[in-house]
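Notes for the one structure printed next.
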There are 2 protein chains.
Amino acid sequence: MSPRASSPATVKIGDVARAAGVSLGTVSKALNGTGSLREETRRHVQEVADRLGFVPDSRGRGLASGRTYTVGFLTTDSFGRFTLPILMGAEDALSVGRMAVILSDTRDDRAREEHLVRSLRGRRVDGLVVTGRSTDERARVDIDIPVVYAFTRPDDPEQCAVLSDEAAGAALAARHLLSLGRSRILHVTGPQRHRSARVRAEAVVDTAGDALVGEPMFGTWSEEWGRRAIDIALASGLDVDAVCCGSDQIARGVLDQLHERRIAVPEQVAVTGYDNWDVMALAARPPLTTVDMNLGEVGRRAGEMLLELIDGREPARCEIIVPPRLEIRGSTV
Amino acid sequence: MSPRASSPATVKIGDVARAAGVSLGTVSKALNGTGSLREETRRHVQEVADRLGFVPDSRGRGLASGRTYTVGFLTTDSFGRFTLPILMGAEDALSVGRMAVILSDTRDDRAREEHLVRSLRGRRVDGLVVTGRSTDERARVDIDIPVVYAFTRPDDPEQCAVLSDEAAGAALAARHLLSLGRSRILHVTGPQRHRSARVRAEAVVDTAGDALVGEPMFGTWSEEWGRRAIDIALASGLDVDAVCCGSDQIARGVLDQLHERRIAVPEQVAVTGYDNWDVMALAARPPLTTVDMNLGEVGRRAGEMLLELIDGREPARCEIIVPPRLEIRGSTV
DNA sequence: TGGCGCACGGCAAACGTTTGCCTAGTTTCC
DNA sequence: GGAAACTAGGCAAACGTTTGCCGTGCGCCA
């Protein structure tokens with residue numbers, strides 16, 4: 001087969017060497033800043049390389065140096081709302097280490113995951129960032145290169161991970177409501193079988209104490225549930241001056257239903273969300289006070305940690321908990 | 001530097017050869033189904049390779065075969081709402097060609113794009129999918145490998161592209177409203193400087209004809225604008241029985257404001273959106289009738305076309321227009 | 001002026017594959 | 001029974017780098 005029939009034959013290191021009148025190894029050293037060369041030589045080679053538009057072939061480079069400068073980004077949860085900011089953060093951190101990121105979306109399919117991991121292994125990636133839903137633990141990826149889990153919690157506690165402090169986030173919202181003098185707080189959140197929902201609910205219960213009205217209401221992560229929850233709560237005669245929601249979507253539903261019933265937000269009832277999902281939180285009326293998990297930061301820290309692991313440096317901590325942040329807007333005074 | 005200090009030294013093709021008692025080249029042929037070998041030999045080699053857990057090194061493979069089986073996915077628009085489904089579709093199509101996808105997010109930064117393209121070139125990717133906002137044309141990427149533009153329109157008409165038929169989509173919505181007997185249709189859409197807004201508006205005007213009330217209302221792609229537009233329209237005494245919106249977000253705002261004013265949807269006024277963005281369209285009350293651009297299909301077709309180009313086959317058409325589809329829900333009868 | 005050391009840069013092995021060519025052995029056909 | 005025609009698989013070159021080691025020529029010092 002004709003090797004790479006690209007039109008104007010790619011320029012390789014030998015071409016640069018010839019054009020610069022030096023040896024092939026010298027070009028490599030000049031361009032990589034290694035070996036011992038006169039500054040003048042380096043400059044000259046650099047110039048020639050630029051003129052010729054030389055870009056070193058990562059295959060040869062990888063083969064010779066043992067590093068590919070490539071990492072895999074493995075996600076179970078397609079590229080949903082949560083995965084995305086993490087990906088962006090990770091890319092940020094990794095690109096300063098000149099790493100390229102290969103995307104692998106398992107679509108939550110075991111066989112597909114196996115195939116993808118095999119492919120990544122074949123590409124000799126230097127490391128792996130694994131992410132997915134935070135709701136449950138995920139099985140560790142069986143591969144003998146550095147792996148950092150982001151957002152999702154690996155079932156093996158030895159593995160490095162960067163997680164969001166969900167309890168702290170929920171507490172943040174609850175405390176905020178308390179500080180506003182609210183004393184009859186309702187908690188509406190997602191399905192009880194989801195770890196996130198449970199953890200957040202527990203934190204709200206602990207923080208709000210006597211100020212909590214009734215039991216946490218578990219349902220689904222939808223606007224629809226937010227609306228229904230309000231109906232249910234009011235129908236059962238609950239007296240409420242704040243609703244602490246498990247997600248922005250739920251909060252949006254809550255807001256709509258309160259509006260519907262002519263209950264003033266935030267005057268009569270304050271509302272908080274969770275996620276700081278801009279399209280939801282900012283478009284709500286009033287704009288939603290909500291917890292931001294700093295997912296970008298989660299991804300960034302995961303990328304940084306992976307770089308450390310790849311470089312063989314032991315990272316200070318192998319589990320990083322990223323603190324969330326409260327974004328205060330109009331839905332709470 | 002120690003070449004790849006991974007714990008249990010990676011098994012290479014030579015190891016398999018030795019273990020199977022054949023030559024190195026034979027292993028390659030057996031595993032790749034090339035050359036002429038006895039079926040028995042192939043099986044035997046395959047077995048040994050499996051037992052040893054051999055995964056060929058893509059660097060060596062790429063170097064020898066001239067193909068990297070890697071493509072770049074270059075996006076200007078971070079990985080927003082539109083880019084994502086395209087990415088997923090493209091990945092779908094490319095993964096059947098055993099291609100890995102390297103992500104490159106330019107963040108709309110010229111310098112960053114240059115750097116990323118250089119990096120992709122260094123990795124000798126076999127091809128490139130370029131995507132971004134559909135609102136404007138984008139400068140062609142200067143690289144001498146196959147490139148397919150998806151969703152975004154390249155400024156050079158020679159380039160291959162897969163686009164969504166936005167005019168058809170808007171017409172679809174307008175025609176649907178007409179077919180329901182609506183005769184006083186208002187069009188509310190995004191900024192006039194956006195190509196998408198202009199194209200869709202033009203199509204609505206053409207399709208609705210006399211049934212169009214007033215001029216298309218250009219604004220922003222936000223819920224806020226949807227709400228305001230309704231206020232403005234009603235304040236100016238417009239009599240309307242349908243609102244054809246340029247996006248789901250706008251439609252959502254329109255719905256909310258109509259609801260606010262106790263105007264029944266769809267009985268008194270029917271509403272259509274554009275994008276079929278599930279979190280918006282499904283959570284709306286009533287659920288939104290909207291145009292789905294089939295972005296997954298756009299990505300898939302782009303991936304397929306790229307595969308063809310890489311394989312040197314001239315694709316039948318170099319510009320593919322993917323037809324949109326109307327998703328009918330409760331906001332129109 | 002002679003010797004030593006140092007700075008610079010060349011040489012070639014190594015990285016892990018694929019693939020065209022060649023050879024040895026087996027069959028087939030007269 | 002012998003030669004021609006295949007068949008199966010070995011051999012080695014090639015892909016494009018990096019890097020350790022070595023040699024050469026120069027400067028410096030005595």
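Proteins come first, then strands; the chains are lettered A, B, ... in the order of their sequence lines, and each starts at number 1.
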Less than 4.0 angstrom from a charged side-chain N to a carboxylate O is my criterion; do [X] and [Y] meet it?
X       : Y       : value
R107(B) : D109(B) : no
R18(B)  : D15(B)  : yes
D77(B)  : R138(B) : no
R59(A)  : D57(B)  : no

**Message:** Is the phosphate of dT18(C) approached by R61(B) (side-chain N or O, under 4.0 Å from OP1 or OP2)?
**Reply:**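 Yes, R61(B) has a side-chain N/O under 4.0 Å of OP1/OP2 on dT18(C).
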**Nearest heavy atoms of A19(B) and V48(B), plus distance in Å** =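 Heavy atoms only, the tightest pair is CB-CG1, 3.6 Å.
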**Item:** Minimum-distance nucleotide (side-chain atoms of R124(A) versus dG16(D), dT17(C), dT18(D))
**Value:**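 Selected nucleotide: dT17(C).
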**Prompt:** Any idea which of dT17(D), dG16(C), dT19(C) is nearest the A64(A) side chain?
**Reply:**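 Closest nucleotide among those given: dT17(D).
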For the pair made of [atom1] in [X] and [atom2] in [N], what is the distance, rounded to whole Å?
X       : N       : atom1 : atom2 : answer
R59(A)  : dC15(C) : CZ    : P     : 19 Å
Y69(A)  : dC15(C) : OH    : C1'   : 15 Å
D15(A)  : dC15(D) : CG    : P     : 11 Å
R67(A)  : dG16(C) : CZ    : C1'   : 19 Å
R18(A)  : dG16(D) : CZ    : C1'   : 13 Å
I13(B)  : dG16(C) : CD1   : C1'   : 8 Å
R123(B) : dG16(D) : CZ    : P     : 17 Å
L63(A)  : dA14(C) : CG    : P     : 14 Å

**Prompt:** Using rotation axes that map the C1' atoms of four end pairs onto the next four (five pairs an end), what angle separates the end axes of the helix from dT1(C)-dA30(D) to dC30(C)-dG1(D), to 10°?
**Reply:**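 One end's axis against the other's: 50°.
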**Message:** Does atom CZ (F54(B)) have a neighbourhood of more than 12 heavy atoms from anything else shown, all under 6.0 Å?
**Reply:**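 Yes.
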**Request:** Check the pair R301(B) / E297(B) against salt bridge (Lys or Arg N to Asp or Glu O under 4.0 Å), numbers first and verdict last.
**Result:** CA-CA 6 Å; R301(B) 301 296 287 274; E297(B) 182 66 12; 3.6 Å; yes
**Request:** Using a 4.0 Å heavy-atom cut-off, write out nucleotides 6-12 of chain D from 5' to 3' as B (base contacted by protein), S (sugar-phosphate only) or - (no contact).
**Result:** --BBBB-
**Message:** Can a side-chain donor-acceptor contact be found between R123(A) and T70(B) if the only test is distance below 3.5 angstrom?
**Reply:**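 Distance-only check passes for T70(B) and R123(A).
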**Item:** Under the side chain to side chain contact (heavy atoms under 4.5 Å, CB included) test, residues paired with E39(B) that sit two or more places apart
**Value:**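 If we apply the side chain to side chain contact (heavy atoms under 4.5 Å, CB included) test to E39(B), skipping adjacent residues, the hits are R42(B), R43(B).
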